[in-house]
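Working notes for the structure below.
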Number of protein chains: 2
Amino acid sequence: MEQETRLTESRPASPGTLRPGGRTAKVRGAVLDATRDALAETGFHALNMDRIAASAGVGKTTVYRRWGSPVGLVTDLLHDMAEQSLPAADTGGLAGDLRANAELVRDTLADPRVGAVFHAVIAAAACDEECARALAGFYRTRLAEWAPVVARGAERGEIPAETDPLELLRAVSAPLYYRFAVTHEELTADVAERAAEAALAAARGGVFTRPQGASGDPIGQE
Amino acid sequence: MEQETRLTESRPASPGTLRPGGRTAKVRGAVLDATRDALAETGFHALNMDRIAASAGVGKTTVYRRWGSPVGLVTDLLHDMAEQSLPAADTGGLAGDLRANAELVRDTLADPRVGAVFHAVIAAAACDEECARALAGFYRTRLAEWAPVVARGAERGEIPAETDPLELLRAVSAPLYYRFAVTHEELTADVAERAAEAALAAARGGVFTRPQGASGDPIGQE
DNA sequence: TCCTTAATGGGAGACTGGTTCCGTTAAGAT
DNA sequence: ATCTTAACGGAACCAGTCTCCCATTAAGGA
């Protein structure tokens with residue numbers, strides 16, 4: 001409200017927040033596009049602020065001021081990705097839904113361009129605390145979107161009623177991300193299939209049942 | 001033999017290979033120690049060749065010549081780690097062995113110093129192809145060491161005879177690494193326990209059975 | 001429409017990180 | 001013990017990266 005508190009000018013409110021309109025938004029779009037391209041072509045290690053500015057047709061001062069570092073660029077890219085959410089599947093059965101989920105993850109990571117972005121995001125998160133938080137947030141929303149799938153399966157009696165939805169979903173993703181980020185193995189179709197099957201088998205065996213519905217914080221932070 | 005072939009000086013054979021004795025070995029030890037320390041304290045993003053040289057008490061020329069870049073340092077550190085292998089457990093039952101394995105992985109990643117090294121290794125592998133190969137090699141030997149555990153379990157009839165040992169072991173590790181590298185969740189004791197249980201349940205359900213003993217290449221490369 | 005000022009962008013300069021040169025040290029062979 | 005030369009290390013040098021200053025543009029409000 002008041003604009004003359006005593007902390008005037010101590011917080012310039014970080015560029016882009018007070019006038020997020022036309023130009024500012026356009027600049028952000030161009031920079032994030034350029035970042036995506038650069039990651040797909042040369043990878044995270046070669047991500048260079050100057051080059052991004054040049055290929056985005058934007059002053060490099062602006063890039064340094066608004067994003068600060070390559071990690072900052074990747075973090076913002078992650079926020080951007082988090083905004084576009086696609087709905088979960090509903091094949092009528094839990095097995096089918098989980099498999100659809102596994103295939104979605106696989107297709108995402110296996111795509112050369114998107115895969116490069118995820119490699120970068122993982123690398124950046126390993127370096128920077130804030131980026132790690134952004135990444136955790138991304139998965140929190142992603143998993144939350146798919147949780148109903150598990151709930152429906154439980155209602156149908158396909159798995160124990162007390163199954164923790166997030167735990168099951170993590171079990172589906174884990175083998176894919178493990179191969180992607182750690183052992184760098186190829187993500188074939190049957191890796192995805194097996195991930196879904198294994199998770200379901202474990203769920204049926206009651207491995208993912210938790211005392212309550214586990215409404216605590218689902219994804220913690222480092 | 002002859003020292004005047006026409007490819008003289010084209011391959012200096014990379015420093016450290018022709019005279020790996022006293023001094024050279026000492027330098028490598030000091031540099032890798034300094035690298036470990038730096039990773040534990042400031043993480044991969046801040047890994048700086050100059051600083052490593054200084055804190056190792058070694059000329060920076062040497063560090064640049066032998067390792068070339070931060071990624072090179074981490075890659076060599078990984079090779080060094082791969083040499084020290086600790087034997088697999090043998091508790092008498094597959095459930096116990098898998099649980100021991102999961103706990104070993106958990107303890108490794110949860111240790112602040114070692115965990116930092118693994119974060120760095122994962123980040124470096126996301127940036128550099130050679131480092132990714134080194135990482136894949138590391139896990140190939142690690143898993144191979146534990147494979148007999150699964151074979152014994154199969155002999156005892158605890159799981160289907162055709163179970164692919166590596167596939168089962170990967171299933172144990174995956175949830176831990178997923179949390180460690182991707183979602184950055186805390187690695188609690190029950191995460192490890194559940195990883196082992198889930199993998200075993202899936203194995204019992206025959207999810208990891210493969211046509212043959214699967215003697216092809218177990219871990220591919222990107 | 002006009003005004004205020006947030007946000008951008010070009011360019012000069014400083015700085016850090018990386019490379020090269022060359023003399024010194026000591027590993028390994030005789 | 002002596003010799004050859006691999007490997008090291010100090011210092012100057014070069015380059016790409018980042019910061020700062022200030023003029024210019026246009027967003028959002030009156």
Side-chain angles (χ1 to χ4, degrees), chain A residues 1-4 7-35 38 42 44-74 76 127-128, chain B residues 1-5 7-35 38 42-74 76 127-128:
Chain A
M1 294 293 176
E2 300 150 44
Q3 8 186 336
E4 300 203 66
L7 47 83
T8 316
E9 117 212 284
S10 75
R11 275 273 153 273
S14 76
T17 52
L18 265 69
R19 281 187 192 173
R23 183 167 59 163
T24 297
K26 199 158 289 183
V27 165
R28 183 178 180 227
V31 167
L32 292 189
D33 281 349
T35 301
T42 57
F44 179 62
H45 67 294
L47 198 57
N48 175 254
M49 305 292 275
D50 278 23
R51 223 163 301 156
I52 292 297
S55 78
V58 155
K60 69 174 182 168
T61 309
T62 301
V63 178
Y64 280 111
R65 187 166 33 215
R66 286 186 58 182
W67 288 276
S69 70
V71 168
L73 280 173
V74 172
D76 194 34
C127 295
D128 180 80
Chain B
M1 292 292 174
E2 299 152 42
Q3 8 186 337
E4 300 203 65
T5 68
L7 49 81
T8 317
E9 116 211 285
S10 75
R11 274 274 153 273
S14 77
T17 52
L18 266 68
R19 281 185 189 174
R23 184 169 57 164
T24 297
K26 199 157 289 182
V27 165
R28 183 180 180 225
V31 167
L32 292 189
D33 281 350
T35 301
T42 57
F44 180 62
H45 68 295
L47 197 57
N48 175 255
M49 305 292 275
D50 278 23
R51 223 163 301 156
I52 292 297
S55 78
V58 156
K60 75 170 181 168
T61 310
T62 301
V63 178
Y64 281 110
R65 188 165 32 215
R66 286 186 59 181
W67 289 276
S69 70
V71 168
L73 280 173
V74 172
D76 194 35
C127 296
D128 181 77

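Chain letters run A, B, ... following the sequence lines, proteins first, then strands; residues in each count from 1. Only this structure's heavy atoms are used, side chains among them; waters, hydrogens and symmetry mates stay out.
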Check H45(A) against C127(B) and note the closest heavy-atom contact, atom names and distance. ND1-O, 3.4 Å
Could you walk me through whether D50(A) and Y64(A) pass the side chain to side chain contact (heavy atoms under 4.5 Å, CB included) test, one step at a time? CA-CA 9 Å; D50(A) 278 23; Y64(A) 280 111; 2.9 Å; yes
Atom-to-atom span, CZ of R66(B) to C1' of dG9(D) - whole angstrom: 14 Å
Partners of A34(A) by side-chain contact (heavy atoms from CB on, under 4.5 Å), sequence neighbours excluded? I52(A), S55(A), A56(A)
Over all heavy atoms of both residues, which pair between M49(B) and G68(B) is shortest? Give the atoms and the distance, please. CE-C, 3.6 Å
Can you name the salt bridge (Lys or Arg N to Asp or Glu O under 4.0 Å) partners of D76(B), sequence neighbours left out? R28(B)
Sequence neighbours excluded, which residues qualify as side-chain contact (heavy atoms from CB on, under 4.5 Å) partners of R51(B)? N48(B)
Counting only side-chain N and O atoms of T62(A), is one of them less than 4.0 Å from OP1 or OP2 of dG9(C)? yes
Nearest whole angstrom, please: distance from the C1' of dT17(D) to the CH2 of W67(A). 18 Å
Output one line per pair: protein atom, nucleotide atom from nucleotides 18-22 of chain C, and distance, for all N/O pairs under 3.5 Å.
{"from": "dG18(C)", "atom 1": "OP2", "to": "Y64(B)", "atom 2": "OH", "distance (Å)": "3.2"}
{"from": "dG18(C)", "atom 1": "N7", "to": "K60(B)", "atom 2": "NZ", "distance (Å)": "3.2"}
{"from": "dG18(C)", "atom 1": "O6", "to": "K60(B)", "atom 2": "NZ", "distance (Å)": "3.2"}
{"from": "dT19(C)", "atom 1": "O4", "to": "K60(B)", "atom 2": "NZ", "distance (Å)": "3.4"}
{"from": "dT20(C)", "atom 1": "O4", "to": "T61(B)", "atom 2": "OG1", "distance (Å)": "3.4"}

Residue list, salt bridge (Lys or Arg N to Asp or Glu O under 4.0 Å) with R66(A), at least two apart or on another chain: none
So, is R51(A) near the phosphate of dG16(D), with a side-chain N or O under 4.0 Å from OP1 or OP2? no
Whole-Å gap separating P (dT24(C)) and CZ (R23(B)): 14 Å
Double-helix bend of the helix from dT1(C)-dA30(D) to dT30(C)-dA1(D), axes at both ends from 5 pairs, round to 10°, gives 50°
Holding to side-chain contact (heavy atoms from CB on, under 4.5 Å), I want the full list of residues that pass it with S69(B), two or more places apart in sequence or in another chain. V71(B)
Interatomic distance where CZ belongs to R28(A) and P belongs to dA27(D) [whole Å]: 17 Å
